[in-house]
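Some notes on the structure that comes next.
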Amino acid sequence: MPTTSPRSPSPASFEILRTRRLLGSGGYNAELLAHVLGPHGRVITVDLDPYVVHPAKRLCAEGSSGQVTPVLGDGCLGAPAPAPAHVPAGGFDGIVITQNTADIAPAWREQLAD
């Protein structure tokens, strides 16, 4: 699984352009990713903090692309239950993590498309 950081873009960074179903974190970043994915892209964004998720849900409902779904949960567990409502059939095409992490969470691999 390729990894990259915002300060050191690599060719893996641009694989997102061929993605349609993405798991990410952060409401603002999710909207930017949705814009990059185009009109058929879909982004699920997960955050632990209700003070982040609730305003993101409101803002997404009021004026966003309609392609982003903010979800309250532990992002290390991937898209939380009810998973069938959040994880696309076949899994996500990509996952963008914008917080520090020591390792790749098993749930992220499990929710990726083959």
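Each residue takes its place number in the sequence, starting with 1.
The two residues D103 and W108 come nearest to each other via the heavy atoms O-CZ3, 3.8 Å. Between L48 and D74, the closest heavy-atom pair is CD2-CA, 3.6 Å.
Annotation: the span from K57 atom NZ to T45 atom OG1 amounts to 11.0 Å, rounded to 0.5 Å. For the atom pair I95 CD1 and I44 CD1, the distance stands at 12.0 Å (nearest 0.5 Å).
Between C60 and E31 there is a side-chain heavy-atom pair separated by less than 4.5 Å.
Under the rule for a side chain to side chain contact (heavy atoms under 4.5 Å, CB included), the partners of L72 that lie at least two apart in sequence or sit in another chain are P50, V53. In terms of the side chain to side chain contact (heavy atoms under 4.5 Å, CB included) criterion, residue partners of A34 (sequence neighbours excluded) are, by chain and number, V43, S65, Q67, V68.
Note on L112 and I104: same hydrophobic cluster, where clusters join Ile, Leu, Val, Met, Phe, Trp and Tyr whose side-chain heavy atoms are under 4.5 Å apart, directly or indirectly.
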